Amino acid sequence: MITIDKENGIFHLHNAQVSYVLQVVRDRYVLHRYWGRPLKTFRDSSPMQAIDRAFSPQPAAWPNERTFSLDVLPQEYPAYGHGDYRLPAYEVRLANGTTVTELFYDHYEITAGKPKLKGLPAVYAGEQEAETLHIYLKDSQGKLAVELLYTLLQDSAMLTRSARITNCGSEALDLTNAASFALDFADHDFDRLNLYGGHAAERSLERVPLMRGVQETGSRRGASSHQQSPFLALARKDAGETSGEVYGFSLIWSGEASFVTEVEQFGTTRVIGGINPFEFKWHLGAGEIFQTPEAMLVYSDKGLNGMSQVFHQTVREHIVRGKYQHELRPILVNNWEATYFDFDEEKIDNLAQSAADLGLELLVLDDGWFGKRNDDNSSLGDWFVNTDKLKQGLKGVSASAHKRGLKFGLWFEPEMISEDSELFRAHPDWTLHVPDYKNSFSRHQLVLDLSRPEVCNYVVKAVGDVLESAEIDYVKWDFNRHLSEAFSAALPAERQGETKTRFVLGLYDVLERLTAKFPQVLFESCSGGGGRFDAGMLYYMPQTWTSDNTDAICRLSIQSGTSLVFPPITMGAHVSVTPNHQVGRVTSLQTRTLCAFAGDFGYELDITRMSAAEKEQVKKHVALYKKLRPTLQLGKFYRLLTPFAGTKNETAWQFVSEDGKEVVVLYFKTLAEPATPIRKLQLTALDADAEYELTDYLPAQRTSHDFGGEKSLDMKGQVFYGDELMYNGLGVEKIDTDFAAYMWVLTKK
Ligand code: GLA
């Protein structure tokens, strides 16, 4: 709901979860006044105080009012150049060379629901589900206009923000920075949380004190990246997983994002998020508009889990679209770690037979089926089947899967091109490249220039033709290098700063067209694992391959970190072989399986070569997963313990079914320790007054020598009240083995 106090210029966006207040002062400036726990009404119990701050200039209209300066005002979309020395939300360069403009409040509008953002992925909501406040700002000299969009979802602590910038002047201008949002906190008593990493090591959580000066989290790689996720949170020092105040931000953008915090001289904090302004320049002709990507802003007074619940709910109900939004995802087998490039029709046929025998549901043929691709040196761009490997073409492998009751999926990497490809020989200028300079290669490949419509059209046609050529139920859409030499042969000099942004917009156009044309296909996005795990991609493709690292122990941190923003149903998670191909670790089949249960479950190893005993175990796991799948995929997810905090040696995740009846708890202990207390695992979000029966229990599987002596703590059949499970906790039996994994299933009586 949006309440307006016209006399005082106060706009109060509120519901039962959150309040967000902004105020227009002196008919000009849009200030940030409050964001946090819901307020009945905002009457300004802590009014702004007029203080004379030296070296903080006065705006031209109030030259003698030494207590009034933009330098100290909390602002919603600050400019630079009129005495606010903090970082601005936007920057322009006008035709005469100046970077100075000033935005004044003009008018507002409130609309039901949420407007679509042209060409961009965004939160969607019906007229009954949200309300949007539009604040219109105009430059005092009429050079530009900005519309700030604020949407509050009904009954959710989710607020979205974006900005639409129009050049209202008669000459072109350059937009060199266009944040999605900015806002100022009254203090800096926060920890700063971000998700950092690298290939095969995505999304570890870093929590450091918010520091004076500027701290930035961002990507300059042309993609949202493995290195720094488009996410930031500010948490009060006492905030943990289940209690305390947290402010979370995530950008719905698959290109370069940036989140900046600036703690300034008086100890207040400015936060700015949006497209990374580094090298960004959008040439805005007279009358042209630039729409920024959308940012999600979450307030939680229930710690990090509270924040994650709001993100998860939004991603599931207001970002992911299409057939698979609420549908259970199939259990797959992927041939990548099973065969790499070395496969033929017979091998894939055998894989399909084993998959069917084990109860799997989808066979995915990964890289290597097209052109003459037998390694990663060639053929990207040549999206036609290699009949040397697959004698009966895609129809043959697809039929081999389907006749065994499996769905069939296929790998693509459509944004890329190999120098050794027919496509490159026909269109060498279709790559991103800079005149006079040679291109850098990464995995021997170059990047197609998706800022060009004809290249996008080619991609839509090439992929579309393949999808029409055989029965294909699933697509894995990969992106295996970052951008370099980001220059487009099709853009004039003054528009080169748009190339990386236009690349992402081109990709979105391609994805919109393909997903609309093939609504029955389940798309999974991938970028060398989770290099583009962001809400933008999830708008088109409901799941993402979380990491190329399939080691269960590494995955505990990768999946825990990813879950800060994204729910398990968006995360591909596979059981692979041991020793693990990325880190060489040996873990039990049960540990690998339970870790992969916490995502879109599948197998990525040569299942044809498993021993009879392993196959029996896999059949049991698959049957168990099918039984628990509605809870694991569609239920609510909570982190109880993560490798980022506490002992750093334990991870525990809890799932509660939509109806609250089934609870699945997974617990992992990385290294065995000789002298530690017995773990009591305190559950969360249960009904304190309800009884829960322990209906299933998997103790850890020993991989090392069993010293004997310990008794199993199998309490199956016992019934506990929710309060005891939450406050006293579930006892974990001690086992002297590394990489132990346990599972409990509780059923509400
Ligand atoms: C990327 C993906 C892998 C696999 C390979 C194929 O690395 O993340 O899962 O598909 O490409 O080349």
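Because the structure is a prediction, the values reported are computed rather than measured.
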Nearest-0.5 Å distance that lies between atom CG in Asn194 and atom OG in Ser204: 10.0 Å
Going by the rule ring-ring contact (aromatic ring centres under 6.0 Å, His included), which residues pair with His482 if we only count those two or more places apart in sequence or in a different chain? His226
Using side-chain heavy atoms (C-beta onward) and a distance below 4.5 Å, is Lys476 in contact with Phe412? no
One pair to check against side-chain hydrogen bond (donor to acceptor under 3.5 Å, both in side chains): Trp411 and Asp478. What are the steps and the verdict? CA-CA 7 Å; Trp411 180 95; Asp478 216 333; 2.8 Å; yes
For the student: nearest non-hydrogen atoms of Gly273 and Phe259, plus distance: CA-CD2, 3.8 Å
Does the side chain of Leu483 come within less than 4.5 Å of Leu432's, by heavy atoms? yes
Please walk me through it: do Met416 and Leu446 pass side chain to side chain contact (heavy atoms under 4.5 Å, CB included)? CA-CA 6 Å; Met416 298 293 163; Leu446 298 172; over 6 Å; no
Hey, are the side chains of Ser162 and Phe181 touching, using non-hydrogen atoms and a 4.5 Å cut-off? no
For the pair Arg329 (side chain) and Tyr324 (backbone), establish whether a donor and an acceptor sit closer than 3.5 Å, ignoring hydrogens and angles. yes
Is the NZ or CZ atom of Arg555 both under 6.0 Å from the centre of the six-membered ring of Trp545 and within 45° of that ring's axis? yes
Is there any ring-ring contact (aromatic ring centres under 6.0 Å, His included) pair reaching into residues 445-478, and which pairs are they, with sequence neighbours excluded? Trp430-Tyr458
Within the 4.5 Å heavy-atom criterion, are Thr642 and Leu205 side-chain neighbours or not? no
Between CG of Asn334 and CG of Asp366, what distance do you get to the nearest 0.5 Å? 4.5 Å
Side chain proximity check, Tyr540 to Leu507, heavy atoms < 4.5 angstrom: no
Would you tell me whether Glu202 and Thr562 have side-chain atoms, one donor and one acceptor, within less than 3.5 Å of each other? no
Within-4.5 Å side-chain heavy-atom neighbours: Leu406 and His402: no
Which atom of Ala355 lies closest to which atom of Ile607, heavy atoms considered: N-CD1, 3.6 Å
Looking at Asp420 and Lys372, is there a salt bridge between them, counting it only when a charged N and a carboxylate O are closer than 4.0 Å? yes
Check whether any side-chain N or O of Asp382 sits under 3.5 Å from a backbone N or O of Ser421 as a donor-acceptor pair, and report yes or no. no
Arg192: partners by salt bridge (charged side-chain N to carboxylate O under 4.0 Å, His left out), with sequence neighbours left out: none
Residues that Glu294 engages under salt bridge (charged side-chain N to carboxylate O under 4.0 Å, His left out), provided they are two or more places apart: Lys114
Does a salt bridge link Arg495 with Glu498, judged by any charged N lying under 4.0 Å from a carboxylate O? yes
Interatomic distance, OG@Ser378 vs CD@Gln445, rounded to 0.5 Å, equals 11.0 Å
Heavy-atom side-chain contact between Glu485 and Tyr437 under 4.5 Å: no
Could you tell me whether Phe231 and Phe249 have their ring centroids closer than 6.0 angstrom? no
For a side chain to side chain contact (heavy atoms under 4.5 Å, CB included) check, start with the C-alpha distance between Val521 and Asp473, then their side-chain angles and the critical distance, and finish with the verdict. CA-CA 5 Å; Val521 172; Asp473 310 288; over 6 Å; no
What's the separation between atom CH2 in Trp369 and atom CZ in Phe341, rounded to the nearest 0.5 Å? 13.0 Å
Minimum heavy-atom distance Lys347-Asp344, with the two atoms named: N-OD1, 2.9 Å
Could you tell me which non-hydrogen atom of Pro542 sits nearest to which non-hydrogen atom of Phe523, and how far apart they are? CD-O, 3.3 Å
So does Lys500 pair up with Glu256, basic N to acidic O under 4.0 Å? yes
With sequence neighbours excluded, residues passing salt bridge (charged side-chain N to carboxylate O under 4.0 Å, His left out) with Asp548: none
In terms of side-chain geometry, is the basic nitrogen of Lys116 or Glu512 positioned less than 4.0 Å from the acidic oxygen of its partner? no
NZ/NE/NH1/NH2 to OD/OE distance under 4.0 Å, Asp551 and Arg585: yes
Electrostatic pair Asp429-Arg452, nearest N-O below 4.0 angstrom: yes
Could you pull out all residues at least two apart from Arg203 that satisfy salt bridge (charged side-chain N to carboxylate O under 4.0 Å, His left out)? none
Side chains of Arg502 and Ser488: do they bring a donor and an acceptor to under 3.5 Å? no
Distance from Leu491 atom CG to Asp449 atom CG, nearest 0.5 Å? 7.0 Å
Quick one: does any side-chain atom of Ser560 pair with a main-chain N or O of Ser557 as donor and acceptor, under 3.5 Å? no
Under the side chain to side chain contact (heavy atoms under 4.5 Å, CB included) criterion, do Ile272 and Glu216 qualify, and how do the steps go? CA-CA 10 Å; Ile272 301 175; Glu216 190 195 5; over 6 Å; no
More than 12 non-hydrogen atoms from neighbouring residues, nucleotides or ligands closer than 6.0 Å to NZ on Lys407, yes or no? no
Do we see a donor-acceptor contact under 3.5 Å between the side chains of Thr292 and Trp253? no
Closest contact, heavy atoms only, Thr261 versus Leu232: CG2-CD2, 3.9 Å
CG-CG distance between Asn480 and Leu380, expressed to the nearest 0.5 angstrom: 8.5 Å
Atom NZ of Lys323 with >12 non-hydrogen neighbours under 6.0 angstrom: yes
Quick check: do Thr570 and Pro567 have side-chain heavy atoms less than 4.5 Å from each other? yes
Any luck finding a side-chain donor-acceptor pair between Gln559 and Thr546 under 3.5 Å? no
Hey, are Arg481 and Glu415 close enough for a salt bridge, meaning a charged N less than 4.0 Å from a carboxylate O? no
Could you walk me through whether Tyr539 and His318 pass the side chain to side chain contact (heavy atoms under 4.5 Å, CB included) check? CA-CA 9 Å; Tyr539 182 75; His318 301 278; over 6 Å; no
Could you pull out the closest heavy-atom pair between Phe311 and Ser250, with the gap in Å? CE2-CB, 3.7 Å
